[in-house]
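Side-chain atoms are counted along with the backbone in the values below, which use heavy atoms only and exclude waters and symmetry mates.
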Amino acid sequence: MPAEVTRPGGAGRPVLGRPAPTAPPPGAPGALARVTGLDADTFGARHWGREPRLVRGADPDGFRDLLDLDGVDELLSRRGLRTPFLRLARNGSVVDSGSFTGPGGAGAEIGDQVHDDKVAALFADGTTVVLQALHRTWPAVIDFATLLSDELGHPVQANAYVTPPSSRGFSAHYDVHDVFVLQLAGRKHWTVHAPVHADPLRDQPWNAHATAVAARARDDTPVIDTVLEPGDVMYLPRGWLHAATALGDVSAHLTVGVHVVTRYALVEALTALVARDAALRASLPLGIDVSDPEQLAPHLDAVRSALAEALPQVSAEDVARRVRGRVWTGGRPEPVRPVAVATFVEHLATGDGVRRRVGLRHRVARRGEQVVLSLPDRQITLPAATEAAVRALVSGTTCSVGSLPGMDEADQLVLVRRLLREGVLVPATHA
């Protein structure tokens, strides 16, 4: 029998299943404070996108709630993982997935399911296990990544790296996203060097600078040369070189990657938006040799002039709409439990508590006699009379049906039912 969870509101009707741990308990630090030991303003001013931060954990079991080695074994042996949710690496190179995947067997007509016995043999032979996209496959990491992304305002992903004793997974390299490294088990020696290519974009990977990366790692004194132990955290902005070696026993760490939104995203938005200017869409002359700078020069001058005229006409609202369309779809909000939510909606009554899904990107705007709730994949149009109630419901706090502003109880029930069915709201969690 599934556990019964009683909803607030006095009705005492059960909701099947456990409430997802989507918010820290009262008084607990948020996700960002948990991994940085700083408030958001201080971390943003001192470290965000600037320099690494190393935090020593007071509790070696501080991240066991997210993932431990038993959880790793469960993922590898009982969760039916397929590529690309698992990657193996040896001596700095990725192992061909065909060496550890195969048919799923009867009732699973797939050919790339992870075979745990093959993974076990490779791991025993010194191969590093990389569990990819845990923000989509492991509940505790899903919840943590959702909270962290909500606080940062940037999409987040999470991979776990499990390294055999005294083995090195990947050689010195940099990532094109910021990372938080959370040591889960064992000890790992890390060396960190300053960037050879600062603030790389997603299409500027480290292997494009492989010679400089290798020279920096070989010849320069590391900025950080330390051993991470369970409970420790290290933050690295994109571009910082790093390599790690397990010490002694099996080592595992969780890498939380932050897909930062950069100023170049605004450049890309501006470029797309000025395309509505006919002067910037004009064809180059017939027979032009585009390899000849002299032939291109007058057209380049014309483009510069057209850009100088067109760019001031692009509004911040247009750019925001363009950028948010990409950023909002870069991650997923808190999961919805379809059966539990359907049961909750069916019995919704005055006094029941609801809240916005953690991590749901949204914007509320008044347009004439309507209120428009913009979401990553659609817009919801509602009567203007619902504006105050809608703003309260998406504020992030828990709201009780019957206490929403500007609407009678019957209309509140209609509104809340719709937003629950639309996946905007979920039943309030319990402390």
Side-chain angles (χ1 to χ4, degrees), residues 1-28 30-31 139-140 142-144 146-147 149-151 328 332-367 369-431:
M1 286 285 292
E4 289 188 351
V5 178
T6 302
R7 297 182 301 168
R13 293 183 298 277
V15 176
L16 299 181
R18 67 171 181 85
T22 53
I142 292 172
D143 295 333
F144 177 76
T146 301
L147 285 170
S149 179
D150 196 45
E151 294 179 37
W328 283 7
R332 293 188 183 182
E334 169 190 354
V336 170
R337 296 155 56 219
V339 175
V341 169
T343 303
F344 186 86
V345 170
E346 182 179 358
H347 300 288
L348 188 69
T350 299
D352 286 340
V354 295
R355 59 173 176 78
R356 172 180 52 82
R357 291 168 67 193
V358 176
L360 180 68
R361 311 295 189 188
H362 67 282
R363 187 167 185 266
V364 180
R366 177 74 173 269
R367 296 180 187 170
E369 296 303 311
Q370 295 179 325
V371 172
V372 178
L373 175 59
S374 296
L375 302 172
D377 59 346
R378 65 195 185 282
Q379 291 185 334
I380 299 173
T381 302
L382 299 161
T386 67
E387 181 176 2
V390 169
R391 292 188 182 278
L393 288 167
V394 300
S395 66
T397 60
T398 296
C399 298
S400 295
V401 179
S403 65
L404 299 175
M407 302 179 69
D408 61 32
E409 288 186 3
D411 287 341
Q412 289 183 44
L413 285 166
V414 172
L415 175 64
V416 171
R417 283 195 188 99
R418 178 175 180 186
L419 295 183
L420 282 163
R421 291 185 176 119
E422 293 273 9
V424 175
L425 303 177
V426 292
T429 56
H430 301 273

Just wondering, do [Y] and [X] contact through their side chains at under 4.5 Å, heavy atoms?
X: Arg418; Y: Leu382; result: yes
X: Leu404; Y: Val416; result: yes
X: Leu419; Y: Leu373; result: yes

Set of salt bridge (Lys or Arg N to Asp or Glu O under 4.0 Å) partners for Glu151, sequence neighbours left out: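 Applying salt bridge (Lys or Arg N to Asp or Glu O under 4.0 Å) to Glu151 gives none.
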Measure across [X] and [Y] and return the closest heavy-atom pair with its distance rounded to 0.1 Å.
X: Ala31; Y: Phe144; value: CB-CE1, 3.8 Å
X: Gly353; Y: Phe344; value: O-CZ, 3.6 Å
X: Val401; Y: Ala349; value: CB-O, 3.9 Å
X: Ala392; Y: Cys399; value: O-SG, 3.3 Å
X: Gly423; Y: Arg378; value: N-NH2, 4.5 Å
X: Leu415; Y: Ala389; value: CD2-CB, 3.8 Å

Looking just at side-chain N and O atoms, do Arg337 and Thr343 make a donor-acceptor pair shorter than 3.5 Å?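 Distance-only check fails for Arg337 and Thr343.
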Euclidean distance, [Y] [atom2] relative to [X] [atom1], rounded to 0.5 Å:
X: Gln370; Y: Thr386; atom1: CD; atom2: OG1; answer: 10.0 Å
X: Thr398; Y: Arg356; atom1: OG1; atom2: CZ; answer: 11.0 Å
X: Asp150; Y: Thr146; atom1: CG; atom2: OG1; answer: 8.5 Å
X: Leu375; Y: Arg361; atom1: CG; atom2: CZ; answer: 12.5 Å
X: Arg391; Y: His362; atom1: CZ; atom2: NE2; answer: 9.0 Å
X: Arg367; Y: Thr381; atom1: CZ; atom2: OG1; answer: 7.5 Å

Partner residues of Arg421 under the side chain to side chain contact (heavy atoms under 4.5 Å, CB included) criterion, sequence neighbours left out: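 By the side chain to side chain contact (heavy atoms under 4.5 Å, CB included) rule, Arg421 matches Val345, Arg417.
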Pairwise side chain to side chain donor-acceptor pair (under 3.5 Å) hits with a residue in residues 399-413, at least two apart: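 Matches after skipping sequence neighbours: Thr350-Glu409.
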Give a yes or no answer on whether the side chain of Arg355 reaches the backbone of Ala428 with a donor-acceptor pair at less than 3.5 Å.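 Not at all, since once roles are kept as given, no pair shorter than 3.5 Å links the two residues.
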